[in-house]
Amino acid sequence: MSVGIRDVARAAGVSTATVSRALGRGPVSDALREQVEAAVRATGYRPNLSARRLRSQSTQTIGLIVADIRNPFFTAVSRAVEDAAYQAGMRVILCNTDEDPTREAMYLRLMQEERVTGVIFAPTRATAKELRAAEIDFPVVFIDRAGPPGAHDSVVLDNAAAAAALVDHLVEQGFRRIGGLFGSTSSTAQERRAGYEAAMARHGLAPAGRAVLPNAAAAEAEATRWLGEPGRPEALVLSNGLILMGALRAARARALPVPGALALAGFDNEPWTDLVDPGLTVIEQPVAEIGAQAMRLLFDRLKAPDQPVRKVVLSGRPVLRGSTRRASPGPDRA
């Protein structure tokens, strides 16, 4: 039997009008709003998003909140989302958070104020864990990062499998001391690190992963330090395109030829990865499909707000280039 707003009002001991104001971010006290949200959790009530949009006169606008617009991956995904929105006669509001939960909260409030129809969002781990459907007036689809099971629709890469494929390739090429640099803020990097570590264990090798802020400058600084240490890695797995760029700069700063002294393998098949010499081995993500699938999930959620939460998992494609070509055999690679 479905749960309605009257059930929530009864459980909270308030009127249905108060429930509507609390869930719609209307003028109620924080204590009363928490009381209503507790009743929502207790009853399992899911707001009727379609009806709420009609009442609030929402616009035909999609919010797109990305983690770092400088990352070419998010630039490409944004283009795919905008293309799909344009075909549907909708506009897009684009916001960049720089992986900052405070900015994420600010932009989510902006989306409430703008009465957007829905939001496509690449959240930090912290926000993904805390964002509850009862707190917002629009459906949300996560891209690139998945939240808690059953919380929100999402479109993600099979990150663990992709990272494991890079390790397998490096091992096949004769590398053994394989390190990894992984972003510190997203579930995506966490999953890629888990795939890297599992593959290293499967090959009987000791993993050596380090976390960095997911940008080129932070990666360059950490890789430069690491590559100057005794027993440095002879190969690196990098968890996104900006970290890959930073690692390449570090190798050049240390005068380590790639792949003769250091092999590099990362993510995102951006044009620059094929222009450097040698070209860089990467996992190519289906960015157009990620954007299109996210819009499809959002439209489906708008049509059927109560349908089960869905998670779409896509596969990456290894693009093998000179940065990981077979190493010369040596005593330390036995």
Side-chain angles (χ1 to χ4, degrees), residues 68 70-73 159 162-184 189 192-193 195-197 199-285 316 318-334:
D68 186 352
R70 296 169 302 179
N71 187 330
F73 166 79
N159 290 300
L166 293 178
V167 172
D168 291 343
H169 169 66
L170 288 167
V171 172
E172 289 171 1
Q173 293 300 301
F175 296 100
R176 295 296 179 266
R177 293 198 310 276
I178 305 170
L181 282 179
F182 302 92
S184 59
R192 291 174 185 175
R193 183 168 186 166
Y196 155 82
E197 290 175 348
M200 292 290 284
R202 178 161 41 82
H203 290 290
L205 302 173
R210 298 188 182 186
V212 295
L213 289 175
N215 60 64
E220 180 180 1
E222 180 59 34
T224 300
R225 284 191 294 270
W226 198 0
L227 297 176
E229 296 173 6
R232 65 166 179 80
E234 58 184 4
L236 285 175
V237 172
L238 299 316
S239 70
N240 73 24
L242 295 178
I243 293 176
L244 175 61
M245 182 183 295
L248 178 60
R249 289 174 178 169
R252 291 178 174 175
R254 287 287 183 186
L256 297 174
V258 176
L262 179 70
L264 297 176
F267 282 78
D268 303 330
N269 189 26
E270 301 305 327
W272 72 270
T273 62
D274 192 31
L275 294 176
V276 297
D277 185 21
L280 301 176
T281 290
V282 292
I283 295 292
E284 181 179 75
Q285 300 195 66
V319 180
L320 307 181
R321 298 191 179 110
S323 67
T324 55
R325 73 171 170 260
R326 184 176 299 278
S328 302
D332 60 346
R333 295 194 179 107

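Keep in mind the model is a prediction, meaning the values are calculated, not measured.
The line from CD1 of I283 to CG of N269 is 10.0 Å long, rounded to the nearest 0.5 Å. Note that the NE2 atom of H203 and the CG atom of L170 stand 9.5 Å from one another [nearest 0.5 Å]. In this structure, OH in Y196 is found 8.5 Å from CG in L236, a value given to the nearest 0.5 Å. Atom-to-atom distance recorded for L213:CG and I243:CD1 is 9.0 Å, nearest 0.5 angstrom. With rounding to the nearest 0.5 angstrom, the CG atom of L320 is 9.0 Å from the CD atom of E172. To the nearest 0.5 Å, the span separating OG on S184 from CZ on R210 amounts to 14.5 Å.
Using a 4.5 Å cut-off on side-chain heavy atoms (C-beta onward), S239 and P214 make no contact. Counting only heavy atoms from C-beta outward, the side chains of D268 and M245 never approach each other to under 4.5 Å. Side-chain contact between L264 and T281 is absent, with no heavy-atom pair separated by less than 4.5 Å. In this structure the side chain of I178 never reaches within 4.5 angstrom of the side chain of E234, judged on heavy atoms. Using a 4.5 Å cut-off on side-chain heavy atoms (C-beta onward), R202 and D168 make contact. The closest side-chain heavy-atom distance from P259 to T324 is not below 4.5 Å.
Taking each heavy atom of A223 and A247 in turn, the nearest pair found is CB-CA, 4.2 Å. Across all non-hydrogen atoms, the minimal contact from M200 to P207 is CE-CA, 4.1 Å. The minimum heavy-atom distance between L262 and P233, with the atom names listed, is CD1-O, 3.7 Å. Nearest approach of A250 to T224, heavy atoms of both residues: CB-OG1, 3.3 Å. In this structure, A211 and R193 approach most closely via the heavy-atom pair N-NH1, 3.9 Å. When all heavy atoms are compared, the tightest approach of A216 to R249 is CB-NH1, 3.9 Å.
Geometrically, R232 does not engage W226 in a cation-pi contact defined by less than 6.0 Å to the ring centre and at most 45° from the axis.
For F73 and F267, the gap between ring centers reaches or exceeds 6.0 Å.
For the side-chain contact (heavy atoms from CB on, under 4.5 Å) test with L244, the passing option among V237, L280, L181 is L280; the others fail.
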Verdict with reasoning, T273 to R321, per side chain to side chain donor-acceptor pair (under 3.5 Å): CA-CA 9 Å; T273 62; R321 298 191 179 110; 3.1 Å; yes
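Under a 4.0 Å N-O distance rule, the pair E229/R225 does not qualify as a salt bridge.
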